[in-house]
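Working notes, beginning with the structure itself.
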Amino acid sequence: LSLRLSLSISLSPSLPASLSLSLSYEHTFELYSDSERLYLFGTDDPASHKEWVKSITKMFIPSNAEGLLRLGFERIGRLRYKDGLNLQSPRVGWFALVGSSLHAYLEDSVEEEEIHLRKLQELSIQQENEVLVLVERGRTLYIEGERKLDFQGWCVSMQRAAGSAGDSLSQQQLTETDVPVVVDRCIDYITQCGLTSEGIYRKSGVNSRVAALCEAFRRDARSVRLKEGEHQVDDVSNTLKRFFRESGEGLFTVQAASAWLSTPEESRKISQYQLLLSRLPRVNKATLRALVNHLYCVQRFAELNQMNLHNLAIVFGPTLFQSDGKDYTAGRVVEDLIEHYTDVFEVDEQQLKRQLDEITAIIKASGSAGDFICTVYLEEKKETAEQHVKIPGSMTAAELTCEILDRRKIQVREKDYWSCWEVSQKEEMERPLHHLERVLPIMHSLGTDSHLLVKKHLAMEAIRIYLASKVDVSKHGMVKFREERSILGLGLNTGSFHDRYFILNTVSLRMYKEVRSNRPEREWQVKNLRVYLGIKKKLRPPTCWGLTVIYKSEKQEKPEKQHW
């Protein structure tokens with residue numbers, strides 16, 4: 001055996017052949033070689049076990065990845081990978097699995113990366129290609145094994161690490177904001193489908209269906225998709241309550257529960273709750289904030305659902321504190337947190353108003369006639385390409401695109417980039433929606449001359465190659481520029497295009513009168529820009545390549561529009 005050719009080491013049995021040895025020795029590890037062989041080692045001494053693993057690993061791991069040796073890894077080794085911008089040929093990386101985190105030294109990277117497996121948006125295996133797909137916000141990583149046996153072990157280990165590992169909140173699969181996926185999915189479903197349901201959270205669901213939902217979330221919360229028609233509102237609400245009642249240590253934790261239940265003086269109530277909130281573990285704090293935000297929204301629509309502040313507190317007090325409900329002290333705490341939500345959690349009032357406005361729009365859209373139905377076109381706007389789709393408030397552009405393609409049984413081939421587009425015929429412009437963008441608010445903002453269209457993004461491959469070659473994400477250069485409205489105060493004739501120098505980075509877009517100018521004429525926040533492809537022909541653009549950029553800040557009633 002040549003240790004220099006070894007691929008990886010696993011400290012926990014991942015294959016059936018390893019289990020017999022683990023029964024004979026208290027401490028074992030597996031060694032995978034390039035020759036597709038598996039070697040099993042065992043020892044009863046933890047110190048020698050640790051020393052052997054470290055020494056063997058050091059023999060084959062490169063010096064630039066030796067930082068992985070300091071970790072208490074379960075599995076370590078070499079894997080090939082592709083990321084979202086480099087799909088042509090795989091590169092080599094060194095990976096170490098530590099608890100629910102995957103640490104990696106990727107090719108050409110000098111710093112160690114950490115991927116939180118329980119926070120992944122998706123973890124799947126493409127069996128035909130033997131590829132493990134890890135989808136996190138902003139990036140997709142494709143991991144390939146160099147040998148089948150080794151890759152099989154990595155798949156088993158990572159799937160196990162990415163799943164829920166117990167009953168406590170921190171052991172659950174989590175969203176990017178550290179909220180358990182089960183909580184996020186249930187809250188989202190109730191917000192879309194249950195805020196007008198009379199007695200929501202007070203009524204019981206069907207016990208067998210609630211138990212089945214709880215088990216599905218426990219097995220793999222990421223794979224559970226709650227859909228109206230398939231799931232009942234009261235079943236989902238009781239699933240959420242049961243999760244909190246059965247969670248280990250509870251939302252407020254065993255250690256701090258009594259402090260939360262002690263009655264604070266009225267004058268010190270807010271500051272006392274804020275202090276206790278700051279002492280909660282990270283996941284508990286994020287979960288409490290998400291839940292109280294949801295309950296605050298529920299009681300704001302009490303005239304529809306009959307669940308006012310007091311009624312919600314009666315239900316959730318005993319649930320969150322895991323008590324018998326005989327004492328209303330727990331209910332008083334929940335009532336206080338909902339009533340003083342904006343102060344305790346220091347909430348942005350404008351952001352909360354937008355959230356409530358969106359919920360109001362969802363309720364109005366569903367109304368008495370049921371779900372909001374919209375017309376989406378496939379590839380071009382014509383009658384034979386029409387698809388009528390239910391649009392729940394949680395539906396993203398990616399989910400809508402997949403639904404349309406599934407309906408028409410369209411197979412997505414490699415390098416096919418299907419997107420949902422917002423198209424304005426009157427303005428002669430279009431834009432691809434971000435894959436996580438919610439569709440319902442877009443539908444409500446569409447004019448009579450606009451529609452949604454699902455089609456291929458033909459320039460996406462070129463865009464990916466371009467971005468992969470760029471080290472710096474900023475962009476600068478001269479651009480022909482025209483204002484549609486005169487309120488910008490630049491003294492430009494709105495009927496013609498003018499040369500301007502622009503500098504774009506991840507935060508802002510700045511416009512200068514010329515290259516040598518020291519101060520920008522204008523500056524726009526990138527997050528408030530909406531960019532469309534195309535310019536009206538009647539504006540006589542100087543070239544056939546043009547963009548229409550709409551800027552709207554929270555303080556503006558009307559948007560600004562520019563043409564480039």
Side-chain angles (χ1 to χ4, degrees), residues 1-81 92-107 109-120 123 132 134 141 143 145-166 168 170-171 281:
L1 169 67
S2 172
L3 293 181
R4 289 175 299 174
L5 297 179
S6 298
L7 288 172
S8 62
I9 287 182
S10 173
L11 273 64
S12 62
S14 56
L15 298 173
S18 312
L19 296 176
S20 58
L21 186 71
S22 66
L23 295 175
S24 304
Y25 292 92
E26 189 173 349
H27 304 280
T28 63
F29 63 91
E30 306 166 348
L31 179 64
Y32 296 81
S33 75
D34 266 349
S35 59
E36 194 66 274
R37 298 187 68 179
L38 168 63
Y39 297 86
L40 309 177
F41 299 86
T43 173
D44 292 322
D45 179 13
S48 63
H49 171 265
K50 184 177 180 181
E51 191 61 36
W52 270 108
V53 169
K54 186 176 180 180
S55 298
I56 293 174
T57 306
K58 201 169 182 179
M59 293 289 291
F60 63 79
I61 199 167
S63 58
N64 66 320
E66 284 188 354
L68 298 175
L69 295 176
R70 61 177 171 77
L71 304 172
F73 53 82
E74 173 190 331
R75 192 177 193 94
I76 190 169
R78 184 182 72 211
L79 294 167
R80 294 179 300 177
Y81 73 93
V92 173
W94 290 88
F95 297 82
L97 184 61
V98 184
S100 62
S101 294
L102 183 66
H103 296 254
Y105 279 89
L106 303 180
E107 194 172 299
S109 175
V110 294
E111 294 185 356
E112 176 187 317
E113 291 191 33
E114 182 178 4
I115 300 171
H116 299 281
L117 297 178
R118 289 199 190 123
K119 287 188 179 183
L120 291 176
L123 175 65
L132 192 63
L134 281 64
L141 197 65
I143 295 180
E146 295 186 280
R147 296 292 183 271
K148 186 172 183 177
L149 195 62
D150 182 39
F151 179 69
Q152 183 183 346
W154 276 103
C155 288
V156 170
S157 298
M158 277 200 265
Q159 285 182 311
R160 184 168 53 212
S164 299
S168 68
S170 61
Q171 292 175 309

**Q.** side-chain contact (heavy atoms from CB on, under 4.5 Å) partners for Lys58, two or more places apart
**A.** Glu66, Leu69
Q: Quick one: closest heavy-atom pair of Ala65 and Trp94, and the distance?
A: CB-CB, 3.9 Å
Q. Does Gln159 have any side-chain contact (heavy atoms from CB on, under 4.5 Å) partners at least two apart in sequence or in another chain, and if so, which?
A. Leu123, Ile125
Q.
Is there a side chain to side chain contact (heavy atoms under 4.5 Å, CB included) between Ile143 and Leu102? Walk through the geometry before answering.
A. CA-CA 12 Å; Ile143 295 180; Leu102 183 66; 4.2 Å; yes
Q) Where do Ala161 and Gly99 come nearest, in terms of heavy atoms and distance? A) CB-O, 3.3 Å
Q.
I need the Phe60 CZ to Leu31 CG distance, nearest 0.5 Å.
A. 6.5 Å
Q: Anything under 30° is parallel, anything over 60° is perpendicular, the rest tilted; go ahead and classify Phe95 against Tyr81.
A: perpendicular
Q. Taking atom CG of Leu106 and atom CD of Glu112, what is their separation to the nearest 0.5 Å?
A. 10.5 Å
Q. Among all residues two or more places apart in sequence or in another chain, which pass the salt bridge (Lys or Arg N to Asp or Glu O under 4.0 Å) test with Glu113?
A. Arg139
**Q.** Qualifying residues under side chain to side chain donor-acceptor pair (under 3.5 Å), relative to Glu107, sequence neighbours excluded
**A.** none
Q: Could I get the full list of side-chain contact (heavy atoms from CB on, under 4.5 Å) partners for Pro46, not counting sequence neighbours?
A: His27
Q.
Between His49 and Thr28 (side chain of the first, backbone of the second, donor and acceptor by atom type, cut-off under 3.5 Å), is there such a pair?
A. yes
Q.
On a heavy-atom basis, which atom in Glu114 and which in His103 lie closest, and how many Å separate them?
A. CD-CE1, 3.6 Å
Q. Which heavy-atom pair separates Arg118 from Ala165 by the least distance, and what is that distance?
A. NH2-CB, 3.0 Å
Q) Do Thr43 and Trp52 come within less than 4.5 Å of each other through their side chains, counting heavy atoms only? A) no
Q. For Ser100, what residues pass the side chain to side chain donor-acceptor pair (under 3.5 Å) criterion, not counting sequence neighbours?
A. none
**Q.** Qualifying residue, where the test is side-chain contact (heavy atoms from CB on, under 4.5 Å) with Phe73 and the options are Thr57, Leu68, Leu97
**A.** Thr57
Q | Step-by-step side chain to side chain contact (heavy atoms under 4.5 Å, CB included) determination, Ile115 to Met158 | A | CA-CA 11 Å; Ile115 300 171; Met158 277 200 265; over 6 Å; no
Q | Check: Ile76 and Val53 side chains under 4.5 Å, non-hydrogen atoms | A | no
Q | Nearest heavy atoms of Leu38 and Glu30, plus distance in Å | A | CD1-CB, 3.6 Å
Q) Tell me, do Trp154 and Leu132 make a side-chain contact under 4.5 Å, heavy atoms counted? A) no
Q) Within the side chain of Arg70, is there an N or O that forms a donor-acceptor pair under 3.5 Å with the backbone of Gly67? A) yes
(Q) Between Asp150 and Arg75, is the side chain to side chain contact (heavy atoms under 4.5 Å, CB included) condition met? List the steps. (A) CA-CA 11 Å; Asp150 182 39; Arg75 192 177 193 94; 3.6 Å; yes
